[in-house]
Structure formats: structure tokens, C-alpha cells
Amino acid sequence: MPSNTPPVADLASLAKFAGQAVTIRGWVHHLRSSGKVRFLVVRDGTGLAQGVLVKGNLPEEDFKQFDRLTLESSLILTGRVRAEPRAPGGYELEVISLQPLNIAQDYPIAPKEHGVAFLMDRRHLWLRSPRQQAVMRVRDEVCRACRGFFHARGFLEVDTPILTPTACEGTTNLFETDYLGRGKAYLSQSGQLYLEAAAMALGKVYCFGPTFRAEKSKTRRHLTEFWMVEAEAAFYTLEDIMQLAEDLVRFVVLKVLENQEVQLQILERDPTPLAAVSGPFPRLSYAETLARLQEQGKEPAWGEDLGGDEETLVSQMFDRPVLVHRYPLSCKAFYMEADPKDPRLALCMDMLAPEGYGEIIGGSQRVADLDTLLARLEEHHLPQEPLEWYLDLRRYGSVPHSGFGLGVERLVAWLCGLTHVREAIPFPRLLDRLYP
Ligand code: 4AD
Ligand code: MG
């Protein structure tokens, strides 16, 4: 390449090239003509910048190409970078060459308001809009922060299988598939059981993967496919994982505040309620939670899990996430350890996000004793044979251990102030949506 070829630059790094010519590759975001001057705003995934075309600054042929451009056409342009305080990002490009790559057909998403169903049918295009890009950047920060947190704490990432022979979180919401004519396989509801085995090998582990729930639920918190980060640690108690979950959420939220301020602004998300995570999270037992709900005129029955509306109420009582612990064993999963101080209760916890967002984390201490676990399987009408391997963990050096799972989309929805988890994942899978 000749040495005078301008370097290719990301729009996010234009400032570094002030006074120089650079080449930009991207898509048309906006077009405008004013007298003899043509303006176009280009986006390239890293940012936006305005290009200015003035006759005489670029070949006549290139200048004419402007008239062919449409929204979302792709192009390569070269221009000199100059400071322009009024331009988005503070810099603009004085265009010296313009080469369209693909002239876009009439783009279906206009800046006007569209319904969610219309946009979701065009999710593959909707992702290009500034708001959706901002959500994806926050999500990326969340995922990276989770991994960073666990590695700094000495947790090892262990991948757990998606195709499984058994249920983890109850049998009513399993996606079923035929496994090569050898019987049924189910899409994983949680990596937990396998993570428990990994914790007995490696001590402190976590997994990060897709998770599937087939209940026919249509709430704003429900996806049929979502991503869960799960931690599991040998010798950890309920108290230990409550602290770990609190530290994780504090770390992730502070990282988003620190690194994604601009995205929160694009989303018009007030960061003040997020900053409250710096202080300690309140903790309430299930019994205390019922009492609080009664004060609000609710009549929750002892023994039932908290419903969506009740969760919303509890999560509005505090300015930061709250840990609700020790639910009745009868409404929880088979693997939870009973509280030795009151065997009707499980050594479990849920973390509820504030502002009405509700449960973002569920976790517990696990049953460590073989006979207790066998009795639990029977109570829950779960077959023993496909779980023999899981029972082995109680036959060969069983130890107290605990873990939890964090729903990535629930956390992202809260951080971004979204009204529904469907916007927190690139391609949502919902009761009524498998397209695109
Ligand atoms: O409370 P859950 O069902 O717990 C478990 O699966 C445990 N086995 C985790 C563990 O201890 N390792 O799910 C954990 C979290 C919930 O708190 C929620 O944030 C998220 O996963 N979640 C969902 N997110 C979106 N759509 C759904 N249908 C979800 N179901 C659970
Ligand atoms: Mg739960």
C-alpha cells in the first residue's frame, strides 16, 4: 500500500486523527442537503459522525453518488477530521471521497414510533438503532464484569451441558427433544447440578450459558431462552453465597456506571437509583417479608412462593436490591438444604432488584446428606436412576456447598430501565416469538 493511503478509523476514535484524513466504513444514519452542501451522518457500530460534502473538495463523480444514497446504505468514505463542537462526538469529516457499497432498499424502520410487534418482527434491523445498541453495550459490560468478578475471586469457568437427561428446576417447564432415537433429552433449565460436581473437583466454579424454560408465561420477566451466570462453591454456606451475590451485583452495577455512562444517557436512564448499590443490601427472612406485605394490605399465605405482584411490591420497599431468605421448603426445589433451626424452611435466598423489577438471583445451600436427598427425590416424584451421578456427589466426600444463578436479562433490564426483558437479549425467544 502506498504510504499516503489514509488509515481506517473507528468513529469512536476520530479525536485521535484531528487534522488528518481517515477512511470510515459504515452505514448512512441520516441525510440532508442545504444549498450546495450535502450532509450525511454515518454510523459504524462504534459511534456516529457527520460528513460534509462540498463541491470541489471531492471528485464530481463521488459528489453525485450522494444523491443515490438512502438510509442504511453502506459506504466507504475518506475525509479530513476537524473539530466541530456542534457535531455529535465533537468532530466532523470534510469528505474527499465517497464510495457507496450497497444502496439500501426503502428502510422499514423510520425514526417515527413503531409498535413493539412491528419492531420485534424486524429485530435483525432494529438492533441498529441507537437505543438497542446502547442496551447491547450495557449487556456486554455486564457479561464481562461477571467474568472479571469471578476470576478475581478465584472461581473457574466450567461449561455445563445444554442437552440433559433430567430436570433441575421441576418437570413442568422442560423443553423436550428426541435424543437420536435413544430416548428423551431436555434443554437445560440450569447448569447447577453439573456445577455441583465441578465444585467437588475444583472448589469454586461458575458457568455462563443459555438456559431454557418452557412454561407458558407471558410476563415482562419471562423469556423461554435466557442467559444465566451460576456460581457454586464447596464449603460455602447460605450466608457465604448471600455475600457473594451481593458483592457480584455491586461490582457489576458499579462497572456499568463507570464505563457505560453514555449508553445510560442514550437510554435516558437516571443512574441515581443504581448508585445506591454501594451500600449494604437489606436482608429479610420470608416471614419478615410476609409481615411487610401484610402491612401493605396483602394477605399472602404462608408456604407459597412470592408471586410476581408481591415481588414487585417488596422490590419497591427499598432503594437497592434486597435479599429475601429462608422460604418454606415446600415451595422450593428438591436440592435445597433445610434450615437446622427450623426444618420447615430452606436455606435459600432470592435477590430482588428495586424499582419494581423483582427477582434477579435465586440460590441456596444444597442438601449434603445422601439419605435426605433420596427422600427429597421421592417427595418430588423425581426418578433416581438418571440422577445416580448426582447422588454420587453425596457418596464420595460430600461437603456443605452452595450456589446461585443470576438472570442476565433481568439484570440488564433493570440497569437499562427497560419495561420488558425482551429488549435485553439480541434475539428474544418468547411464548409467541421464535422469529427472527
Ligand atoms: O431462580 P432460578 O430458577 O434458579 C435456578 O435455576 C438455580 N438452579 C440457580 C442456581 O442456584 N444455580 O433462576 C435463577 C435466575 C432467576 O433469579 C432469574 O433472574 C433468572 O434466572 N430467570 C429467568 N430470566 C428470564 N426468563 C425466565 N424465564 C427466567 N427464569 C429464571
Ligand atoms: Mg427463582
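Side chains are part of it too, since the values below use all heavy atoms of this structure and drop only hydrogens, waters and symmetry mates. One-based numbering, in listed order, for ligands and for the atoms of each.
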Please confirm whether Arg250 makes a cation-pi placement over Phe281, using NZ or CZ under 6.0 Å from the six-membered ring centre and within 45° of the ring normal.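 That pair qualifies as a cation-pi contact.
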
Tell me, please, whether Tyr396 has Arg394 positioned over its six-membered ring: NZ or CZ under 6.0 Å from the ring centre and within 45 degrees of its axis?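 No - Arg394 does not lie over the ring of Tyr396 by the 6.0 Å and 45° rule.
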
Are side-chain heavy atoms of Arg283 and Val322 found at a separation under 4.5 Å?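 No, too far: nothing below the 4.5 Å cut-off.
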
Any non-hydrogen side-chain atom of Ile24 less than 4.5 Å from a side-chain atom of Leu14? yes

With sequence neighbours excluded, give me every ring-ring contact (aromatic ring centres under 6.0 Å, His included) pair touching residues 321-355.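 Every ring-ring contact (aromatic ring centres under 6.0 Å, His included) pair that includes a residue of residues 321-355, provided the two are not neighbours, is Tyr286-Tyr327.
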
Which one of Glu196, Arg366, Lys204 satisfies the side chain to side chain donor-acceptor pair (under 3.5 Å) criterion with His401?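 It is Glu196, the one option of Glu196, Arg366, Lys204 that forms the side chain to side chain donor-acceptor pair (under 3.5 Å) with His401.
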
Residue by residue, ordered by chain and number, which ones reach under 4.0 Å of ligand 1 with a heavy atom? Glu169, Ser190, Gln192, Arg213, Arg221, His222, Leu223, Phe226, Met228, Glu230, Tyr335, Glu359, Ile360, Ile361, Gly362, Gly363, Arg366, Gly403, Phe404, Gly405, Gly407, Arg410

Could you work out, with ring-ring contact (aromatic ring centres under 6.0 Å, His included) as the rule, every residue matching Phe17, not counting sequence neighbours?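 For Phe17 there are no ring-ring contact (aromatic ring centres under 6.0 Å, His included) partners, ignoring immediate neighbours.
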
Looking only at side-chain N and O atoms, does Thr312 offer a donor or acceptor that is under 3.5 Å from a partner on Arg221? yes

Look at the aromatic rings of Phe150 and Tyr206 and report parallel, tilted or perpendicular, splitting at 30° and 60°. parallel

Which protein N, O or S atoms sit under 2.8 Å from the Mg ion (ligand 2)? Glu359 OE2

